[in-house]
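Okay, structure first, notes after.
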There are 2 protein chains.
Amino acid sequence: MAGEKRTTSRAGRPRDPAKHEAIVHSALHTFLERGFNAATIEHIAARAGVSKVTIYNRFTDKETLFEQVVKEQTDHFAAAMMDDSISRGDLAARLDAFGCSLLHFLFASDHVALDRMLPQELAHHPQMAQRFFDAGPGQCRSRLAEMLEQARSDRQIDFEDSLQAAEDLMALWKGFADVELKFGVRQRLSDEELDAKVRHGTRIFLRAYGV
Amino acid sequence: MAGEKRTTSRAGRPRDPAKHEAIVHSALHTFLERGFNAATIEHIAARAGVSKVTIYNRFTDKETLFEQVVKEQTDHFAAAMMDDSISRGDLAARLDAFGCSLLHFLFASDHVALDRMLPQELAHHPQMAQRFFDAGPGQCRSRLAEMLEQARSDRQIDFEDSLQAAEDLMALWKGFADVELKFGVRQRLSDEELDAKVRHGTRIFLRAYGV
DNA sequence: TATTTAATGAACGTCAACGTTTAGTTTTTC
DNA sequence: GAAAAACTAAACGTTGACGTTCATTAAATA
């Protein structure tokens with residue numbers, strides 16, 4: 001019912017592992033561009049350079065394919081959040097580094113498209129939505145909160161609720177750009193703009209939370 | 001091609017104005033729940049207590065109906081942003097009032113659903129997206145920026161860029177709750193939670209921007 | 001009353017997409 | 001070489017939704 005099946009070598013032609021990747025990749029981008037309903041299996045197959053039947057042999061149906069795509073993106077999201085961002089420099093520098101890597105991820109056009117598509121499509125799949133949130137935004141907030149607690153125990157900043165502080169900082173970093181990107185009012189941020197946003201957010205945050 | 005037609009009284013049975021409202025209302029909620037593709041005209045008609053043909057007589061096709069719905073929501077959004085929020089009390093109180101009315105609007109379940117659906121459906125309608133952004137988020141930011149400039153000229157706060165400051169404040173107010181609502185991880189905020197969020201945001205903002 | 005327009009329900013034509021079947025080809029193991 | 005499984009292309013059946021047509025009834029004006 002899910003994805004892979006074979007583990008030990010058996011008789012017969014083995015599955016081409018490249019096809020799995022091609023299908024999921026093609027499906028992801030087609031879902032991103034069109035949403036679940038408007039994305040057709042035929043289009044996904046053609047884009048992946050694969051027969052339609054191959055998709056149905058590996059994934060039961062369109063719904064299952066979508067779930068697999070979301071699952072892999074969830075893992076990818078989780079991995080991106082785990083990417084240890086720098087623990088060098090003073091607090092401001094470490095926060096800037098965290099913010100930069102976060103915004104580079106969030107503002108990448110793939111992620112913007114994902115952020116347009118997922119909430120709508122997951123609206124009636126609460127479990128998948130919860131998993132995705134936990135792996136992505138939730139985990140990101142936790143990691144930032146840990147970093148801030150560390151800084152508090154070093155007496156560099158002060159607050160009562162570390163999760164609250166982390167939310168504030170992330171909100172300051174994102175600002176309005178996420179909304180502008182989501183509606184397509186703004187296309188992309190240059191590295192300079194992005195860095196400037198992060199530094200601004202960090203500065204405001206430290207001004208409010210610094211001891 | 002659009003909506004209304006008649007203005008002076010003519011021969012024949014007049015259109016029932018209640019039906020227009022019923023159709024648009026039904027269409028709005030059906031689009032919110034299911035998105036453009038999964039929302040069927042038959043369902044919208046049934047929900048509005050109206051014949052399918054009546055919809056096709058008033059709106060050319062599904063696309064036109066959708067555009068009309070978005071247009072009316074855009075107007076509604078613009079009106080909500082214009083709702084003059086209190087100009088009494090000290091700065092913190094005025095900002096709190098602004099933030100409260102904003103969050104009440106943003107966190108209402110209707111708006112959350114709209115915010116899930118619209119970005120995806122407008123992804124390939126840049127003009128509608130721009131109009132909606134200008135009428136909603138854009139106008140909100142402008143009004144808040146004006147309020148902040150006023151406070152700056154009263155030497156209560158200081159900043160270089162009023163739009164930037166407005167973005168910061170709005171971001172602090174929203175925090176993470178918008179994401180949690182969008183993914184359905186959190187259901188709704190009580191009035192107390194909402195007030196607390198606003199006061200927290202305002203406090204952090206003033207701590208960073210106060211003279 | 002005659003005319004004109006709105007509205008309805010039911011039936012219809014059309015089309016696009018899902019998912020299946022079939023026959024045949026390729027690639028592997030035994 | 002035989003058996004087994006993956007893969008493909010093409011055709012097919014089915015369904016669901018769009019949008020239309022038609023006959024009929026309702027509500028207005030002249």
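Note on naming: letters A, B, ... go to the chains in the order of the sequence lines (proteins, then strands), and numbering restarts at 1 for each one.
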Rounded to whole angstroms, how far apart are CZ on A:R15 and C1' on C:dT26?
16 Å

Any B:K19 side-chain nitrogen or oxygen under 4.0 Å from OP1 or OP2 of D:dA26
no

B:I44 CD1 to D:dG19 P, straight-line distance once rounded to whole Å:
11 Å

Touch check for B:A38, heavy atoms < 4.0 angstrom, all strands: base, sugar-phosphate only, or nothing?
nothing

d(CD1, A:I55; P, D:dA9) in whole Å
12 Å

Checking contacts here: which listed nucleotide (D:dA6, D:dC18, C:dA6) is nearest the side-chain heavy atoms of B:T40?
D:dC18

Of B:I41 and A:S51, the one whose closest nucleotide on DNA chain D sits nearer the 5' end is A:S51

In whole angstrom, give the distance that lies between atom CG of B:N37 and atom P of D:dG16.
16 Å

Which is true for A:A45 with a 4.0 Å heavy-atom rule: it touches a base, it touches only sugar-phosphate, or it touches nothing?
nothing

Do we see a donor-acceptor contact under 3.5 Å between the side chains of B:H124 and A:R34?
no

Would B:E72 and B:H25 count as having a side-chain donor-acceptor pair, cut-off 3.5 Å?
no

Can you check the A:H43 NE2 to C:dA17 C1' distance for me, whole Å?
14 Å

Provide, to the nearest angstrom, the distance between the CZ atom belonging to A:F59 and the P atom belonging to C:dC18.
15 Å

Charged N-O contact under 4.0 Å between A:K174 and B:E167
no

I'd like to know if A:R188 pairs up with A:E180 as an ion pair, taking the criterion as any Lys NZ or Arg NE/NH1/NH2 lying under 4.0 Å from an Asp or Glu carboxylate oxygen.
no

Every protein N/O lying under 3.5 Å from an N/O of nucleotides 28-30 of chain D:
none

In terms of side-chain heavy atoms, does A:T30 have a donor or acceptor partner in A:R47 at a distance below 3.5 Å?
yes

Between B:Y56 and A:G49, which residue's closest nucleotide on DNA chain D lies nearer the 5′ terminus?
A:G49

For A:E42 and D:dC12, give me the distance from atom CD to atom P, rounded to whole Å.
15 Å

Is a donor from one side chain sitting under 3.5 angstrom from an acceptor on the other, for A:T64 and A:D61?
yes

How many Å lie between CZ on A:R58 and C1' on D:dT8, as a whole number?
13 Å

Identify whether the distance between the nearest side-chain nitrogen and carboxylate oxygen of B:K182 and B:D178 falls below 4.0 Å.
no

Give B:K52 one of three labels, base, sugar-phosphate or nothing, depending on what nucleic acid heavy atoms sit under 4.0 Å from its own.
base

